[in-house]
Amino acid sequence: MELFDQNTKMTDLVHSNYLLLPVINRFGIRLGFHGKSIADICEEKGININFFLAIINAFHNHEYFPENELQSFSSNLIVDYLRKSHSDFNIVSLPKIEILLNKLVDSSSSNDLKVIQSFYKKYKKELQDHILDEEENAFPYVLELQRTFDLKIDPLPEKVLKYSIQSFEKEHTNVDEKLFDLKNLIIKYLEPNYDDIACNVFLFELFQFERDLQDHARIEDKILVPKVMGIENEIKNG
Ligand SMILES: [Fe+2]
Ligand SMILES: [Fe+2]
């Protein structure tokens, strides 16, 4: 199992997995590495190197998922990374997918692509609602809870007392399944009246987006939620 460590050259990291490019961008890392290693860049940019390594290795290798280590990082660090991913999804991935889908629709006269287009619109709305709910409810709650814990605030603020992470974090199954269905609609049922290149480019983008989203959901479900539940347990019951 290939794992990156602090001595890995940034250039080698990108050569071995170009899908990590948007992930490293979320840490404010941009190209032009010369001979610098991960440790050099993290030091230069003030990035927590252990968190960076855990995130990129978990993305790169799906068998590698250091749950305990990732849960040991502060909620602020985790939420900050998740927020940057949200903004990537909203500003980069979804608009890009839409442009590629429109190109595909324009390349064909078949009606099934219009069905796919309306299916995509519903999927996008559902995903954006999910993201907005996390941004407006779940994440502010998590940060408030972490602050309460760090500063040992007593008595507990009302918001902390009144809610729990489980009341905020929604399941990812629905949005995951819809994206799979979208891919499947195309792979299984598309009439052969379309442009090959436009279709492949669109599908490649969907597969890549799916991977990015699954990685994101895994951090929320397996890292953020259990970590927050641990803090809740400690300050509310302990
Ligand atoms: Fe999210
Ligand atoms: Fe989510």
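In listed order, ligands and their atoms are each counted from 1. Just so we're clear, the structure is a prediction, and the values are computed from it rather than from any experiment.
Atoms NE2 of H86 and OE2 of E220, as seen from the Fe ion (ligand 1), are separated by an angle of 120°, to the nearest 10°. Angle NE2(H130) to the Fe ion (ligand 2) to NE2(H172): 100° [nearest 10 degrees].
Atom CD of E43 has 12 or fewer neighbouring heavy atoms from other residues, nucleotides or ligands inside a 6.0 Å radius. No more than 12 heavy atoms of other residues, nucleotides or ligands lie within 6.0 Å of NZ in K96, so this atom counts as exposed by the packing criterion.
Within the 6.0 Å centre-distance limit, the rings of H86 and F139 are counted as a close aromatic pair.
Within H216, NE2 is the N, O or S atom that lies nearest to the Fe ion (ligand 1). Among the heteroatoms counted here (N, O or S) of E134, OE2 is the one nearest to the Fe ion (ligand 2).
V92 has its side chain within reach of D88: a pair of non-hydrogen atoms, C-beta onward, lies under 4.5 Å apart.
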